[in-house]
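One structure is given below, encoded as structure tokens.
We name chains A, B, ... by the order of the sequence lines, and we start the count at 1 in each one.
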Number of protein chains: 4
Amino acid sequence: MRTTEKPRKSANGAGSTDDDLTQRRRKEIADGACVVFDQRGYANTRIADISDHLGVGQGTIYRYFTGKEDLMDHIVGHAVRRILAAMREDGVGDSPVRTAAQFVDQITAVAHRLLDMAARESVLVRVLLVQAQAARPDAIDDLTDQLAVTTAGYLANGVESGYLREDLDTAAVADAMVGITMPAMRRVLRDQLDDAGREATARTIGRLIAYGAVEPEFAS
Amino acid sequence: MRTTEKPRKSANGAGSTDDDLTQRRRKEIADGACVVFDQRGYANTRIADISDHLGVGQGTIYRYFTGKEDLMDHIVGHAVRRILAAMREDGVGDSPVRTAAQFVDQITAVAHRLLDMAARESVLVRVLLVQAQAARPDAIDDLTDQLAVTTAGYLANGVESGYLREDLDTAAVADAMVGITMPAMRRVLRDQLDDAGREATARTIGRLIAYGAVEPEFAS
Amino acid sequence: MRTTEKPRKSANGAGSTDDDLTQRRRKEIADGACVVFDQRGYANTRIADISDHLGVGQGTIYRYFTGKEDLMDHIVGHAVRRILAAMREDGVGDSPVRTAAQFVDQITAVAHRLLDMAARESVLVRVLLVQAQAARPDAIDDLTDQLAVTTAGYLANGVESGYLREDLDTAAVADAMVGITMPAMRRVLRDQLDDAGREATARTIGRLIAYGAVEPEFAS
Amino acid sequence: MRTTEKPRKSANGAGSTDDDLTQRRRKEIADGACVVFDQRGYANTRIADISDHLGVGQGTIYRYFTGKEDLMDHIVGHAVRRILAAMREDGVGDSPVRTAAQFVDQITAVAHRLLDMAARESVLVRVLLVQAQAARPDAIDDLTDQLAVTTAGYLANGVESGYLREDLDTAAVADAMVGITMPAMRRVLRDQLDDAGREATARTIGRLIAYGAVEPEFAS
DNA sequence: TATGAATGAGCGTTCATTCAT
DNA sequence: CATGAATGAACGCTCATTCAT
């Protein structure tokens, strides 16, 4: 007989102080949950594991999230926002891309930011890439779609500007560019790519996308 | 995750006929389980769901597999073998790659085979990419590692043959090539890429890897 | 993520044997639950209490009922049917009531049957009267309504036949008659009314309804 | 049902002012709890529901009652006292019953007072009749016992005075009289009996008890 | 060999109660 | 005195696994 309306977190009429505290607490809990999800896997994680990890009672978690699912939703949402932010903070407007060299730099910069983010927030990214896949498949599809759309926009600009091939299938290439950094990110998550390696890999990706792997004088 | 000793499937002492029958049965069950895992997700799938789908008793499944985990192990192993086979059945020996054009064809062919496999065996591939991620993360890492190593071999051959840039970071580029088809595969799994689309996408990938996206006269 | 359709008891295509077995099992479990609900109170009864009482696993109960609520529903439904049956098995058709004496006998008989039922099935009746009140208030209202309607029918017949006062408020009197045996039933449930006491009480009720408590020569 | 010693409300050493305030507060809380118990059912009511309804903190309730059980105890006790008062405020001493007509008036008056009370304090009465049944079965038994004993006293007086049948089973008839208004009270609680209806029903009950339902000339 | 009813450990979630502020 | 965030014991329910038939 669960007809009971969950008594909604009372819209507190006071200032935002309480709200801030609540938000801080939510973040603490979500972060802790993220760590445990990463260590044990989403399905194998009991709420008690999370509360133990945080050093709080199980009930406390339910004061801030409606359940395990809600917890994962927030983590995924947060991770997606961070990734999109990392990809977009590229100052495109600041220095418009007009040449092939700038295009390489742009791709390199984006790849570099993504790899660095994977390094800095490996737990969050690992949960997104590994755990959320099965738990929130649609969220992952949405993320890759958005990444691809943004990328396709850059490419269209390049074609228009003339520095990219006129016949470029921007949609397909955008997809390719989204996928191209994934294995490198996975290596970062496995600690197989240090600071220098990330930079080198980002540059390799930039050049590969721009000029391809073929020795120029062999290019048909 | 029982601590009790799993009663090992007795090495069956009978002839190979029985063994064949057993193998056939195992395959039937694994295939059925795969379909259900895909539909409901691994964690949400109950053994009863699988036995219902197969029209057998629950106990029967335990006569062929030690449990749900074992079932997923076999599916993952099978899927990995199929993917590796798809990537390698490229008849490299038949016609050695010696020119950039052949290189493009080779990449295009591999990408095409992977995309076609995703189309033909979408259930298997989807389970591998979506469900197995969380259930068997190491298996996925192993798969991508093997794909990368194989690819790196091809690339090394290209550098040696002279048609690929001398300074090519074969390891990084191999990783990139592994990742590059993933988004396209996901589109195939979402039915967003038909026969013709798969062929076009494969060719786009081949050309991108070989020559890059930049208009040649703008290069450098 | 409880999207899972409960796999409905498969409509078994075979004969009714299995169905009978299932029904027998359901009855066993419902009966056991009834005893425990009576002893401990519905709210204080844990599923484990019931399964312990029955000597079965907790899961077994869920093979036959969807939960604690369902269990109570069945008990209440069964109890209501029994009570209505007890009240109606009065062979009205057999010997139509035509005189005041027959009317007394009829009321006496109904009251007697209700009291005897309370004695024979005290657990069932006690659960209905005590536990179901809070758990299924509507069911109790429905029951009393039906009892009242049936009773009102008898009374209307009596008015028509002439042996009951012409100005009788049949609805109100029906209600009164429904209530009049309740305290006696409660005494039966408390073992305060033995066989003879039940018979005497039933007759007292019959006479009271028919002739009232006032000494005739004092009437009006 | 905690085994720990409930920290007894310290016998407050201060003046009676504080005591009055305390009593007022207790009453407010008990009244609020009563409303919520009625709306949601005792078992489904959380302390938070009550504190929300009252607009106070949960802890406040524990300053005035030791817990949910204690709250219900007080409500039941209060309700029982009110009902007994309603039944006894009949001014028996004022005008002793000596005739059948007075007897009818007396019964009618008592029934009327009970029905009016159910109308005026429907929440309290509904909680007593519906919720307390399962929560405090003994309290209900005690109440009906007391009502029956009081009633039996009146009847004994009537027999002695001669206006009631000499052979009247006063105990059984007292029980019957206690039960006879119950269905009508339930109708009042369900809003199925307005002011006039209650008066008419009370009179019907009075006459029924006194003279029965049988048309006098058909008697015997 | 195949079955599926039975099992019970395990987990998500709730909520009465406490206590620091 | 009042509060309400925190707690964690308790319980309903699920489902992987077993085993008698």
Side-chain angles (χ1 to χ4, degrees), chain A residues 1-2 4 6-7 9-10 12 18 21-22 25 43-51 55-69, chain B residues 1-2 4 6-7 18 21-22 25 43-52 55-69 71, chain C residues 1-2 4 6-7 9-10 12 18 21-22 25 43-51 55-69, chain D residues 1-2 4 6-7 18 21-22 25 43-52 56-64 66-69 71:
Chain A
M1 190 170 304
R2 286 288 145 262
T4 320
K6 267 172 200 285
K9 214 132 293 294
S10 64
N12 89 340
D18 178 71
L21 201 61
T22 296
R25 214 87 179 73
N44 289 325
T45 298
R46 289 167 286 131
I47 294 294
D49 292 326
I50 300 171
S51 62
V56 303
Q58 303 185 36
T60 303
I61 292 174
Y62 288 90
R63 289 190 59 77
Y64 295 91
F65 294 92
T66 61
K68 204 177 159 183
E69 235 179 32
Chain B
M1 190 82 58
R2 296 286 148 273
T4 44
K6 301 201 178 212
D18 178 71
L21 199 61
T22 297
R25 214 89 177 72
N44 287 328
T45 298
R46 291 166 277 141
I47 292 293
D49 293 325
I50 300 172
S51 63
D52 284 358
V56 304
Q58 295 169 239
T60 305
I61 291 173
Y62 286 88
R63 298 194 61 76
Y64 294 93
F65 294 92
T66 61
K68 206 175 155 183
E69 263 187 8
L71 221 23
Chain C
M1 189 169 309
R2 286 289 145 258
T4 319
K6 269 173 202 282
K9 217 128 292 294
S10 64
N12 89 341
D18 177 72
L21 200 61
T22 295
R25 213 92 179 69
N44 290 324
T45 299
R46 289 168 285 132
I47 294 294
D49 292 326
I50 300 171
S51 63
V56 304
Q58 302 185 34
T60 303
I61 292 174
Y62 289 91
R63 290 190 59 78
Y64 295 91
F65 295 91
T66 60
K68 205 176 159 183
E69 236 179 33
Chain D
M1 191 76 61
R2 294 288 147 272
T4 43
K6 303 202 177 210
D18 178 70
L21 199 62
T22 296
R25 214 88 177 73
N44 287 327
T45 299
R46 291 167 276 140
I47 293 293
D49 293 325
I50 300 171
S51 63
D52 284 358
V56 303
Q58 296 168 239
T60 304
I61 292 173
Y62 287 88
R63 297 194 62 78
Y64 294 92
T66 62
K68 205 176 157 183
E69 260 186 13
L71 221 23

How many whole angstroms separate atom [atom1] of [X] from atom [atom2] of [N]?
X: A/R46; N: E/dC11; atom1: CZ; atom2: P; answer: 5 Å
X: D/I47; N: F/dA5; atom1: CD1; atom2: P; answer: 16 Å
X: D/D52; N: E/dA16; atom1: CG; atom2: P; answer: 12 Å
X: C/L21; N: E/dA5; atom1: CG; atom2: P; answer: 10 Å
X: A/Y64; N: F/dA5; atom1: OH; atom2: P; answer: 7 Å
X: A/D49; N: E/dG12; atom1: CG; atom2: C1'; answer: 12 Å

*Partners of B/T60 by side chain to side chain contact (heavy atoms under 4.5 Å, CB included), sequence neighbours excluded?*
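Checked B/T60 against side chain to side chain contact (heavy atoms under 4.5 Å, CB included); matches are B/R25, B/V56, B/Y64.
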*Given F/dT3, E/dT7, F/dG12, which nucleotide is nearest the side-chain atoms of C/T60?*
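Selected nucleotide (nearest to the side chain): E/dT7.
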*Would you name the heavy atoms of A/A48 and A/Q58 that are closest together and state the gap between them?*
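Distance-wise, the nearest heavy atoms are CB-NE2, 3.9 Å.
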*Counting only side-chain N and O atoms of B/R25, is one of them less than 4.0 Å from OP1 or OP2 of E/dA2?*
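So the side-chain polar atoms of B/R25 do come within 4.0 Å of the phosphate oxygens OP1 or OP2 of E/dA2, strictly under.
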Within the sub-3.5 Å range, which N or O atoms of nucleotides 19-21 of chain E have a protein N or O partner, and how far apart are they?
none

*Can you tell me which stems DNA chain F forms when a stem means 3 or more consecutive Watson-Crick or G-U pairs under 3.5 Å?*
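DNA chain F forms these stems: E:2-21 with F:2-21.
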*asked:* On the side chain of D/Q58, is there an atom forming a donor-acceptor pair with the base of E/dT17 - under 3.5 Å, no angle test?
replied: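 Yes, a donor-acceptor pair under 3.5 Å.
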